[in-house]
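What you are looking at is a predicted structure, and each value in this text was computed from that prediction instead of being measured.
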Amino acid sequence: MRDIEDTIRAGERNRDTIVLVRNYCANARVEKFGGTGMVEQATGLPIGAHGVRCDFAPDGGMASWDLRDAAVDFYDRNCATCAHRKPQRLPNLHQIIADRDQQRATRDAQAEADVRAAAKALAERNSARGALLPKLGPIARTLLEDIGMFDADRSSENCERVTQSARLAPEHFTPDLVQYVFALGTNQQWFAETALIILDAVGAENRMVVELAVDILKRGYPTSVAVQRLLPRLETISAAAVAGILSAAIDLADPGDRDFFYGGEDSRPRDSKLLEGLWRRFRAEVVVAVEQMLLSGRRSDLQRAGRALHVLRAVDRTATTSILRTLTSVYVRAPSLVADLEDDEDRLPDLADALNDAFDVAPQEVDNLLQSLQQGAPASHRARIMKVYALAVHVGYDDPPVPASSLRHTLALKRLVWAPTVERDDKVIEEVTSAFRSGSKGLENVVRAQLDAFTGALFLLDDRLAELEAAMGDPAENVLVAMERNNRRMVVRGLMEQFVEWASEAATGDSPSVAKIIDLFDTIPEGRDNLRGILLGATKELSRDLDGLKQLLPHLYAALVGSSVLGRSYAATAVGELPYRSRANIPDLLFEAFGALLWDQYVAVHKTAVAAFQRSIVPEPYRINAAHAILNLIRYYRMQSHEDAFLAECVGVLAGMADLFGNASGLVRRYLIDVAMGIDPIFLQSGIMSLSHSLGPEPGFAKLAARMIPQLADRYNHSDRALILLRRVTAEGLASHASAFHDAALAVRDIDLQTALGIVEVFLLAGMSGEAESLITALVDSIGDSVRFRRRRRMLQWPRLAMQFEAAVAARDLDSMAATGRAWMEAAVADAQDQEDGRERSARSSLPF
């Protein structure tokens with residue numbers, strides 16, 4: 001909800017800015033970049049990336065989510081020096097410019113004030129050093145003067161001079177000078193680390209070193225300089241100082257999200273020695289400090305506490321269990337306790353890792369706490385409990401298989417399996433679904449031990465699915481209610497499919513487990529076609545070995561020829577998932593039954609069969625029958641409206657099988673091209689490149705390619721699919737449909753000029769110079785003669801001049817050759833001037849880039 005409100009406010013800002021831009025100048029206009037979202041459709045506000053354009057400014061520029069940024073940038077580059085302005089009314093863009101200039105003036109004034117204050121402070125420190133000089137000997141005076149030089153110019157060279165002097169001549173640092181270094185380091189943050197190095201090198205009192213090191217760490221920056229001086233002196237730290245330096249110790253041990261600013265996870269050194277030392281010496285104080293972080297109500301502190309516990313687990317497995325109740329409660333109740341939580345779904349990854357560590361150490365205790373917190377909890381809290389269980393069952397890709405005896409995985413998996421049978425909240429169910437979405441790799445042993453739970457939950461979920469499907473017939477209050485109802489139905493169905501997939505993956509290779517799944521077919525009551533069909537999803541895994549395939553085949557064949565439409569649809573999908581290595585063990589009767597589904601009168605069945613056929617292992621003798629069936633479907637659906645998506649799918653499948661028609665293959669390909677010409681191009685975008693391989697040799701494919709080029713042209717993503725498609729058109733087809741390509745080039749002129757020029761190029765390569773020259777002329781004439789399009793017109797001028805020069809060479813016309821050469825040089829000079837003008841305009845921008 002917060003995101004929607006922010007989005008609406010952004011649209012309102014853009015709406016107001018558009019008015020200011022239009023009021024400033026009649027020539028300026030705002031253009032949108034990108035698509036239109038649901039919030040924009042609902043409100044009518046200009047939401048998304050927008051930029052400013054004008055015919056008196058070169059093309060290009062920036063577009064931004066906040067139009068004010070793009071408008072200010074455009075003003076700086078173009079409007080500030082423009083002589084073509086047509087003012088409209090007030091207020092206008094000058095309002096934003098004035099605000100920007102005022103902010104800039106304020107920053108400049110503050111910077112000048114800071115410079116004056118710094119100069120005054122430096123003078124005061126110089127005065128203090130001047131008062132100290134008479135008390136020092138000659139060498140000590142030189143050392144103090146070096147500190148003064150470092151104060152005036154804080155370069156690494158001056159810092160090195162001061163610290164090296166301390167290392168090489170510690171005896172010349174008198175008590176007065178040492179006291180001055182300590183005082184300056186305590187009062188001046190810029191000198192703190194340098195002072196600490198000096199004090200350590202000259203053998204100052206431990207009290208001074210520890211006090212200064214603690215003071216540095218209390219500021220929050222985990223400097224290794226302070227840590228290195230503090231570690232040998234841990235016994236002199238007071239217990240009261242632990243809370244102040246713990247944050248720095250944690251950040252040094254694990255910097256967390258700040259790695260992003262340092263270039264990568266391993267780019268910043270990690271040192272846990274201080275944190276571990278504090279834990280060993282001040283365990284009680286560290287526990288109290290970490291617990292205070294957990295109870296602070298700030299997201300950053302929660303994350304830092306999680307990182308601390310995660311690091312300490314390496315030296316003490318009980319670190320997380322020492323504050324287990326607080327850790328668990330805060331994580332679960334974070335939506336109610338943490339004011340700056342990003343949203344209810346914020347996983348708090350560092351804290352979650354710490355809780356997962358605790359789950360590993362004390363699984364039963366954590367599970368008991370989670371269950372106690374679940375009683376009467378709101379949905380946001382229950383969802384976070386499911387997050388904990390979902391993380392607990394996660395297995396890394398390279399991790400070894402989890403043994404069935406793992407209590408943590410067993411408890412978490414059991415909770416996740418049974419939760420959707422009683423839970424009704426969408427967010428909670430989504431967390432459960434996410435746990436099963438990544439697959440069961442590594443958990444096969446645990447799942448096999450919990451197979452009864454999976455099969456039992458299937459029946460309860462089927463009851464829930466039946467309730468939802470029965471409600472689908474009820475009149476919905478509005479479209480959104482109907483969408484939500486359907487989404488819930490799809491989520492429950494998806495969970496059932498995932499349960500079957502996990503169970504079958506775990507059962508594969510274990511005959512008793514396979515039999516337990518197969519036996520479910522006989523226990524499913526009549527009429528529960530959803531459950532029977534979803535159970536056929538086990539085909540993919542169980543058919544990988546001979547025993548599983550042997551037990552499954554009777555049920556699969558029964559579903560293929562059964563009276564249930566839903567059952568035949570599921571069975572078709574199952575055949576499409578049969579592994580290739582099982583092909584020799586599958587009887588022909590099964591493939592015959594599958595082929596019959598392509599002729600099935602029910603839409604759900606033959607559509608599912610076509611989708612399954614594309615990835616199926618149907619033997620060659622049965623493919624010609626399938627080809628005729630799909631051809632029959634194309635003939636039927638060609639006459640139907642709103643079926644372009646399925647029709648495009650059938651055309652793509654049959655195009656790859658055209659050779660099966662023998663002498664009639666050419667006729668079939670031409671028919672498919674005619675069919676494709678009637679399909680909405682949006683449904684052919686993803687498959688047109690594949691069609692070009694099978695249908696490209698046909699001259700008639702050229703008209704389909706010309707029709708698709710405007711759909712494939714994509715300047716913003718630098719896609720070259722349109723140019724690749726052009727190269728797959730035959731010369732005969734190009735000549736026969738030159739006018740279609742001419743129109744396609746004009747259609748993509750504004751969105752992708754490179755593709756338009758690519759059509760000119762293929763005309764020239766095919767010896768169609770007349771068509772190429774005609775197209776260039778049409779492109780130039782269609783582009784406005786304004787500053788904005790000046791470089792675009794010149795891009796079209798180069799190929800025109802090249803063609804004129806080649807024609808002059810062929811005709812041996814020296815005068816035309818010379819004239820064309822002069823025109824080329826003049827165009828090159830003008831283009832260089834345009835580039836220089838572009839660089840000059842870019843330099844006007846107030847933006848950092």
What is the minimum heavy-atom distance between [X] and [Y], and which atoms define it?
X	Y	result
G297	L302	N-CD1, 4.4 Å
V395	G442	CG1-CA, 4.2 Å
D545	G509	OD2-N, 3.3 Å
L309	A319	CD2-O, 3.7 Å
V491	I429	CG1-CG2, 3.4 Å
S434	E431	OG-O, 2.6 Å

Is the side chain of [X] donor-acceptor paired with the backbone N or O of [Y] at a distance under 3.5 Å, no angle test?
X	Y	value
H606	Y602	yes
R448	A506	yes
R304	D251	no
N356	A352	no
D462	F459	no
K441	Y397	yes
R544	T539	no
S406	P403	no
E444	E505	no
R384	D346	yes

What do you reckon, is [atom1] of [X] surrounded by more than 12 foreign heavy atoms closer than 6.0 Å?
X	atom1	answer
E291	CD	yes
L460	CG	yes
R325	CZ	no
K550	NZ	no
K540	NZ	no

* Is the F454 ring parallel, tilted or perpendicular to the F436 ring (thresholds 30°, 60°)? ->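 Perpendicular.
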Drop me the distance from [X]'s [atom1] to [Y]'s [atom2], to the nearest 0.5 angstrom.
X	Y	atom1	atom2	value
L546	Q551	CG	CD	10.5 Å
L312	T320	CG	OG1	9.5 Å
D644	I682	CG	CD1	10.5 Å
R270	L275	CZ	CG	13.0 Å
L416	W502	CG	CH2	8.0 Å
E484	N486	CD	CG	11.0 Å

Determine whether the side chains of [X] and [Y] contain a donor N or O and an acceptor N or O closer than 3.5 Å.
X	Y	value
Y389	D367	yes
D350	H310	no
D547	S511	yes

* Stepwise salt bridge (Lys or Arg N to Asp or Glu O under 4.0 Å) test for E643 and K607 -> CA-CA 11 Å; E643 292 290 353; K607 282 190 174 182; 2.9 Å; yes
For residues 573-597, please give each side-chain donor-acceptor pair under 3.5 Å, one per line with the distance, not counting sequence neighbours.
residue: T573; atom: OG1; partner: S569; partner atom: O; Å: 3.3
residue: S582; atom: OG; partner: S543; partner atom: O; Å: 2.6
residue: D588; atom: OD2; partner: Y622; partner atom: OH; Å: 3.4

Note, [X] side chain near [Y] side chain (heavy atom, < 4.5 Å):
X	Y	answer
T328	L355	yes
Y570	T608	no
L691	L684	yes
L348	L341	yes

With sequence neighbours left out, write down each residue that passes side chain to side chain donor-acceptor pair (under 3.5 Å) with [X], or none if nothing qualifies.
X	answer
D316	W279, R283, T318
R298	D301
R437	E430
R568	D600

* With side-chain contact (heavy atoms from CB on, under 4.5 Å) as the test, would you mind laying out the steps for N625 and W599 before giving the verdict? => CA-CA 10 Å; N625 176 61; W599 298 91; 3.6 Å; yes
* Asked: Would you call R493 and E469 a salt bridge, taking side-chain N to carboxylate O under 4.0 Å as the test?
  ->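 Counted as a salt bridge, because a side-chain N and a carboxylate O are separated by less than 4.0 Å.
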* Does R313 come within less than 4.0 Å of D360, counting only side-chain N to carboxylate O? ->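 Counted as a salt bridge, because a side-chain N and a carboxylate O are separated by less than 4.0 Å.
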* Step by step, work out the side-chain contact (heavy atoms from CB on, under 4.5 Å) result for V432 and L495. => CA-CA 9 Å; V432 176; L495 265 174; 4.3 Å; yes
Under 3.5 Å, which donor-acceptor pairs link side chains of residues 331-339 to any protein atom two or more places apart or in another chain?
residue: Y331; atom: OH; partner: R347; partner atom: O; Å: 3.0
residue: R333; atom: NH1; partner: S329; partner atom: OG; Å: 3.2
residue: S336; atom: OG; partner: H381; partner atom: NE2; Å: 2.9

